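Heads up, the thing below is written out as structure tokens.
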Amino acid sequence: MMRTHRCGDLRAEHAGENVTLCGWVDTRRDHGGVTFADLRDTAGLVQVVFNPDESMDAHAAAQGLRNEFCVRIEGEVRRRPAGTVNEKIPTGEVEVTASSVHVFSSADTPPFQVGEHQEVDENLRLKYRYLDLRRPSMQANLRLRHAIIGAIRRFFDAEGFVEIETPMLTRATPEGARDYLVPARLHPGAFYALPQSPQLFKQLFMVAGMDRYYQIVRCFRDEDLRADRQPDFTQLDLEMSFVEVEDVLDVTERMFKSVWADVLGVGLPDFPRIPYRESMERFGSDKPDLRFGMELIELSDTFAATEVRVFRSVLDAGGAVKAIVLPQGSELGRKDLDALVDEAKSLGAGGLVWASVTGEGLKSPLDKFFTGDERSGLVETTRAREGDLILIVADPRRSIVHKALGALRVRLAQRHDLIPRTERSDPDHWKFAWIVDFPWFEWNDEHEGWVPIHHPFTGVVEETLDHLDSDKEKVLSKSYDIVLNGWELASGSIRIHDGEMQSRMFDALGISRDEASEKFGFLLEAFRYGPPPHGGIAPGIDRIVALAAGEENIREVIAFPKTQSAYDPLTAAPAPVNDDQLKALHIKVVTPPKPAGGG
RNA sequence: GGACCUGUGGAGCAGCUAGGAGUGCUCGUCACCCUGUCAAGGUGAAGGUCGCGGGUUCAAAUCCCGUCAGGUCCGCCA
């Protein structure tokens, strides 16, 4: 037996025991005579004492130890002498008096100090990820991830779901995200694609009568990265037969409550349901952060008769004038206000009008153009108080107003510390919500056509089908999202299982029978053999864990993530391959590769 | 594809607005001292293409242009 205990597990009750520990040297404190070293393993730290009066050999060996050496220590657990207890660490009541030291392996001076005391450049952390992962916070994140996935599996097992794997080498889908392609050696000129999600396969499981399927599964999307987006990421994919919207919402909500109770010890309240349109009007987003107010306020009535040109032209064009109120925002200086205007413009708005509520009335670039009624109406409608700052966006396109104010709402709340600083153990820390009643279609400028907001197999709310030919934006889908603290955590829908209905939607999308057959033929064919009504949802595991861990970036909960340019500094992937490999794959590279990650 | 922020001994920063010798701080490393520290302490030392390239200037870490890398965001992500 190489060790008898883990460093971080030792407590006062072990006093008097002879133990053998394995771990890494965290720090060494050499007092000339007695020498201390903290030994770290996955369970935590414990102080080891090398006292020449106890063991000359051990003390001599300790002189050669350096940070991150991997060692085995034998010694006796002792209660620390009075006055030397370290309350900062769980093992602080005891220490181990070393009788022998064995060095498994020495270590070069690490490229950065393994500890929580300072932020280290992200590139460096990823290049030496194995050292980064030695840090207790990273170990805790990966253990939390494991715990959450374990809780998920226990939940679905108890609910009668079956976990089934789906292929990683599959067929490229023309719509949706860009695919990662894999050349097929045995089929010159043809390619597999890595799955964006197991969407079609899980629907086939329903046709196959599996009834309730789930999978913790890696998905791949070749799109630009964000704090919450990696090229390969993990989904909790699930699908159920003989269900309506309520059934999927019920099981998913219970799953989240179960996981939060199991892992975080938090009892979550029922998730509120917010219709998509309401979410856009109130928060300017379909993933609203509900931890704070600052809701968007409609000002069309306030300025209905206005002669202020920017508002007049927008209202005449059927656009929207809306505002948010930044509490105590009148403290902002001219420079900050100009920056806010630029920020609004960069979000697509034509501009931004600010108005400070001061003791002497409104202060605003447009104040001289406002009538008395407009001034008082603005303050009353927005309920702004003295010291507050009103930010107004007007645009002929209502969606632009929402997007700009929605983004500013979140950014300003963060900058001005308006999000309550609750503990993770506090149920109020977690503002889950369902977003429901999504439109089925949205207009796509690039394709100059209507495209599905979710995907083409999404069920339609029957009562809204009348609008299919006239007002496509009024057709609602049987889809739903879960949002948490401003992050989209899950997205799903009831699917179409009726061939005739599916044909109608393809027609509405301008997809011909041939085209549909070529793209999704195998699914459509399967649907000729008695498909059950079915639906599902796919929560993002990386996002769930990041939020649960209090991290702002999913890289912190992924063992080996990639940089924003989808590069892995550890393995230096992607990398060119040699000519033999290309030849076997019938591939000719036209643009000579430039080494990634250089500079 | 675009916007913004960042890049200074091994790590984290300051210096840049207003050009004047690689200047400073914290940590680490090495040597020596030190028997109760706990991110030990003390003394000393080593360690630098100021991301890279170009320009302006008598003079550039500092100003300008380009470029690379990291980050945040917009586009993109059915």
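Numbered from 1 within each chain, the chains take letters A, B, ... in sequence-line order. Quick caveat: nothing in here was measured; it's all calculated off a predicted structure.
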Trace of the ring-ring contact (aromatic ring centres under 6.0 Å, His included) decision for A/F220 with A/F233: CA-CA 7 Å; A/F220 306 86; A/F233 61 101; 8.0 Å; no
Base, sugar-phosphate alone, or nothing: which one does A/L124 contact when heavy atoms must sit under 4.0 Å apart? sugar-phosphate
What is the nucleic acid contact for A/I453, judged by heavy atoms within less than 4.0 Å: base, sugar-phosphate only, or nothing? sugar-phosphate
Whether A/K403 contacts B/rG75 is assessed here as follows: a side-chain N or O lying under 4.0 Å from the phosphate OP1 or OP2. Is that the case? yes
Does B/rC4 have OP1 or OP2 sitting under 4.0 Å from an N or O in the side chain of A/S346? no
With a 4.0 Å cutoff (strictly under), does any side-chain N or O of A/K127 reach OP1 or OP2 of B/rG70? no
Between CZ of A/F36 and P of B/rC38 the distance, given in whole Å, is 9 Å
Scan A/D30 against the nucleic acid and name what it touches under 4.0 Å (heavy atoms): base, sugar-phosphate only, or nothing. base
Does A/R29 place a side-chain N or O at less than 4.0 Å from the phosphate oxygens OP1/OP2 of B/rA40? yes
Between atom NZ in A/K562 and atom C1' in B/rA69, what is the gap in whole Å? 18 Å
A/D481 atom CG is separated from B/rC77 atom C1', nearest whole Å, by 13 Å
Is the distance from OP1 or OP2 of B/rG36 to the nearest side-chain N or O of A/R79 less than 4.0 Å? no
Need the pair for B/rG24. Rule: Watson-Crick or G-U wobble, both distances under 3.5 Å, any strand; none if unpaired. B/rC13
How long is the line joining CD of A/Q47 and C1' of B/rU35, in whole Å? 13 Å
CE of A/M56 versus C1' of B/rU35: gap in Å, rounded? 13 Å
Can you list everything that forms a salt bridge (Lys or Arg N to Asp or Glu O under 4.0 Å) with A/K403? Sequence neighbours excluded, please. none
Using a cut-off of under 3.5 Å, enumerate the N/O to N/O pairs linking the protein to nucleotides 24-29 of chain B.
residue	atom	partner	partner atom	Å
B/rC27	O2'	A/Q113	OE1	3.0
B/rC27	O2'	A/Q113	NE2	2.5
B/rC27	O2	A/Q113	OE1	3.3
B/rG28	O4'	A/Q113	OE1	3.3

Closer than 4.0 Å, any side-chain N/O of A/N553 to the OP1 or OP2 of B/rU72? yes
Shortest side-chain distance from A/R555, nucleotide among B/rU72, B/rA39, B/rC77: B/rU72
I want to check one thing: is the phosphate of B/rA69, taken as OP1 and OP2, less than 4.0 Å away from some side-chain N or O of A/T563? no
With a non-hydrogen cut-off below 4.0 angstrom, is A/N86 in contact with a base, only sugar-phosphate, or nothing? base
Using Watson-Crick or G-U wobble geometry with both distances below 3.5 Å, tell me the partner of B/rC32, or none. B/rG42
Tell me whether the OP1 or OP2 atom of B/rC74 has a side-chain N or O from A/R226 closer than 4.0 Å. yes
From CA spacing to verdict: ring-ring contact (aromatic ring centres under 6.0 Å, His included), A/F205, A/H534: CA-CA 10 Å; A/F205 284 145; A/H534 62 287; over 10 Å; no
Does A/P81 reach a base, just sugar-phosphate, or nothing at all? Heavy atoms under 4.0 Å. base
Look at A/R78 together with A/E95 and state whether they make a salt bridge at an N to O cut-off of under 4.0 Å. no
A/I494 side chain near A/T458 side chain, heavy-atom distance below 4.5 Å: no
A/L238 and A/I537: CA distance, side-chain angles, deciding distance, side chain to side chain contact (heavy atoms under 4.5 Å, CB included) verdict: CA-CA 6 Å; A/L238 72 99; A/I537 193 167; 3.6 Å; yes
Only pairs at least two apart or in different chains count here, so list each salt bridge (Lys or Arg N to Asp or Glu O under 4.0 Å) that has a residue in residues 33-44 of chain A. A/D26-A/R40, A/R29-A/D38, A/R40-A/E68
How many whole angstroms separate atom CD of A/E119 from atom P of B/rA11? 15 Å
Sugar-phosphate only, base, or nothing, as touched by A/D224 at under 4.0 Å among non-hydrogen atoms: base
When we call it a touch if two heavy atoms are under 4.0 Å apart, what does A/E54 touch: a base, just sugar-phosphate, or nothing? nothing
Looking only at the side chain of A/V120 (C-beta and beyond, no hydrogens), which of the listed nucleotides B/rU37, B/rA11, B/rA69 gets closest? B/rA11
Among the nucleotides B/rA69, B/rA11, B/rG36, whichever has the atom closest to the side chain of A/F112 is B/rA11
Applying the 3.5 Å cut-off to both distances, the Watson-Crick or G-U partner of B/rC76 turns out to be none
Does B/rU56 pair with anything, Watson-Crick or G-U wobble, both distances under 3.5 Å, and if so, with which nucleotide? none
When both distances are under 3.5 Å in a Watson-Crick or G-U wobble arrangement, the nucleotide paired with B/rG19 is none
Under 4.0 Å from OP1 or OP2 of B/rA40: is there any side-chain N or O of A/R28 that close? no
With sugar-phosphate meaning primed atoms plus P, OP1 and OP2, does A/Q199 contact a base, only sugar-phosphate, or nothing at under 4.0 Å between heavy atoms? base
Cation-pi check, A/R409 onto A/F292 ring (under 6.0 Å, within 45° of axis): yes
What nucleic acid atoms does A/T35 come within less than 4.0 Å of, heavy atoms only: base, sugar-phosphate, or nothing? nothing
Are A/H402 and A/F283 an aromatic pair by the rule of ring centers under 6.0 Å? no
Given the rule in the ring-ring contact (aromatic ring centres under 6.0 Å, His included) test, do A/H5 and A/H14 qualify, once you have shown the distances and angles that lead to the verdict? CA-CA 10 Å; A/H5 295 74; A/H14 297 102; 5.1 Å; yes
Is there a Watson-Crick or G-U wobble partner for B/rG7 with both distances under 3.5 Å, and if so, which one is it? B/rC68
